[in-house]
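A, B, ... follow the sequence lines: proteins, then strands. Residue 1 opens every chain.
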Number of protein chains: 2
Amino acid sequence: MTEKSRQIVYERQAEVLKSLAHPLRIAILDFLKDGEQCVCDIAKYVGSERSNVSRHLSVLVSCGVLECRKEGLKVIYSLKAKCVLDFFKCVTTCLIQQAKDSEKLLRVL
Amino acid sequence: MTEKSRQIVYERQAEVLKSLAHPLRIAILDFLKDGEQCVCDIAKYVGSERSNVSRHLSVLVSCGVLECRKEGLKVIYSLKAKCVLDFFKCVTTCLIQQAKDSEKLLRVL
DNA sequence: TTACTATATGAGTATATAATCACATAGTTA
DNA sequence: TAACTATGTGATTATATACTCATATAGTAA
């Protein structure tokens, strides 16, 4: 792999990770892990405007994390790359470690 | 878990994922997966200014992904949450799927 | 047909993030 | 001591991202 194509891979990987790196989009994943849902129900769950949710959904679709299909008036979104759900265990490990470190620091102060 | 604390968890998870969602920081992880390194060598590897790299490193440390120690003049950074390396297999799966989908579309056009 | 519902998108604004340069600090070596 | 090296940080600017509102489109139902 050349230096240039390595850079491109890093950029594309960053795009996918960026698509996951937003509280509202994480809430969407958390909702969809239990099954497919339409935009209106997703919007209700995450507590944001439909237009905003629609845009966040399209980010996730364009990165291949979600997929969607039309069903009458509704558009039904579902998880495509289920492996992203595994990320959260590791992320939670980081957060717990951070919390422990803060605690340790507090005891020294 | 209350609705409010759920939101806070999503936000903190997003912070950690955001710390990974940058090409330069992914390059750093790629370099550090083979062992600890000082800022100057990391900067050489990723091809960016030390001051810039230093800032990116501090983002990763503050999210608990990296840790560091002083050794004389140098500061040595290393992977703390090695589990983040597992993310890249899944991310690559998304990218390959995307590429396949584009290919499929091309054949229809 | 008209009225309605679900979804998507353009434009504008606010906010967040990244890169650069200058400078500060800490440790090293002559 | 002075000169040097590695690292970190403040300030500025450029760019990217997210949210809101208005509007467009597509399908449904009266």
Trainee: For B/Lys44 and D/dA6, what is the distance between atoms NZ and P respectively, to the nearest whole Å?
Mentor: 8 Å
Trainee: Any side-chain N or O of A/Asn52 less than 4.0 Å from the OP1 or OP2 oxygen of D/dC19?
Mentor: yes
Trainee: So which nucleotide from C/dA8, D/dC21, D/dG8 ends up closest to the side chain of A/Arg55?
Mentor: D/dC21
Trainee: Determine whether A/Gln37 and A/Ile76 make a side-chain contact, defined as any pair of heavy atoms from C-beta on separated by less than 4.5 Å.
Mentor: no
Trainee: Closest approach to the side chain of B/His22, judged atom by atom: which nucleotide of C/dT7, C/dA18, D/dA6 is it?
Mentor: C/dA18
Trainee: Please report, rounded to the nearest Å, how far the P atom of C/dA6 is from the CG atom of A/Leu73.
Mentor: 7 Å
Trainee: In whole angstroms, how far is the P atom of D/dT17 from the CG atom of A/Leu17?
Mentor: 14 Å
Trainee: Starting from P on C/dA6, measure out to CD1 on A/Ile76 and report it in whole angstrom.
Mentor: 12 Å
Trainee: Kindly check if the number of other-residue, nucleotide or ligand heavy atoms within 6.0 Å of NZ (B/Lys100) is above 12?
Mentor: no
Trainee: Between atom CG in A/Leu24 and atom C1' in D/dT20, what is the gap in whole Å?
Mentor: 14 Å
Trainee: Is the backbone N or O of B/Gln98 less than 3.5 Å from a side-chain atom of B/Ser102, with the two atoms forming a donor-acceptor pair by type?
Mentor: yes
Trainee: Please determine whether side chain to side chain contact (heavy atoms under 4.5 Å, CB included) holds for the pair B/Asp86 and A/Phe87, giving the CA-CA distance in whole Å, both sets of side-chain angles, and the decisive distance to 0.1 Å.
Mentor: CA-CA 8 Å; B/Asp86 299 333; A/Phe87 293 12; over 6 Å; no
Trainee: Any N or O donor-acceptor pair under 3.5 Å from the base of D/dT5 to the side chain of B/Arg50?
Mentor: no
Trainee: OP1 or OP2 of C/dT17 versus the side-chain N and O atoms of B/Lys18: is any pair under 4.0 Å?
Mentor: yes
Trainee: Which one, C/dT28, D/dC21, C/dC21, comes nearest to the side chain of A/Glu49?
Mentor: D/dC21
Trainee: For A/Ser51, report the nucleic acid contact type (base, sugar-phosphate, nothing); a contact means any heavy atom under 4.0 Å.
Mentor: base
Trainee: Does A/Arg25 put a side-chain nitrogen or oxygen below 4.0 Å from OP1 or OP2 of D/dA18?
Mentor: yes
Trainee: In this structure, how many angstroms lie between the P atom of D/dT9 and the CG atom of B/Leu57, rounded?
Mentor: 12 Å
Trainee: Closer than 4.0 Å, any side-chain N/O of B/His56 to the OP1 or OP2 of C/dA19?
Mentor: yes
Trainee: Just to confirm, is there a sub-4.0 Å distance from OP1 or OP2 of D/dG8 to any side-chain nitrogen or oxygen of B/Tyr77?
Mentor: yes
Trainee: Using whole Å, what does the distance between atom P of nucleotide C/dA16 and atom CD of B/Glu11 come to?
Mentor: 12 Å
Trainee: Which residue lies toward the 5' end of DNA chain C, B/Gly72 or A/Asp41, if each is placed at its nearest nucleotide?
Mentor: A/Asp41
Trainee: For the pair A/Glu67 and A/Arg69, find out whether any cationic side-chain nitrogen is under 4.0 Å from an anionic carboxylate oxygen.
Mentor: no
Trainee: Considering heavy-atom distances to DNA chain D, does A/Glu71 or B/Cys40 have its closest nucleotide positioned more toward the 5' end?
Mentor: B/Cys40
Trainee: Expressed in angstrom and rounded to an integer, what is the separation of A/Ile28 atom CD1 from C/dT7 atom P?
Mentor: 13 Å
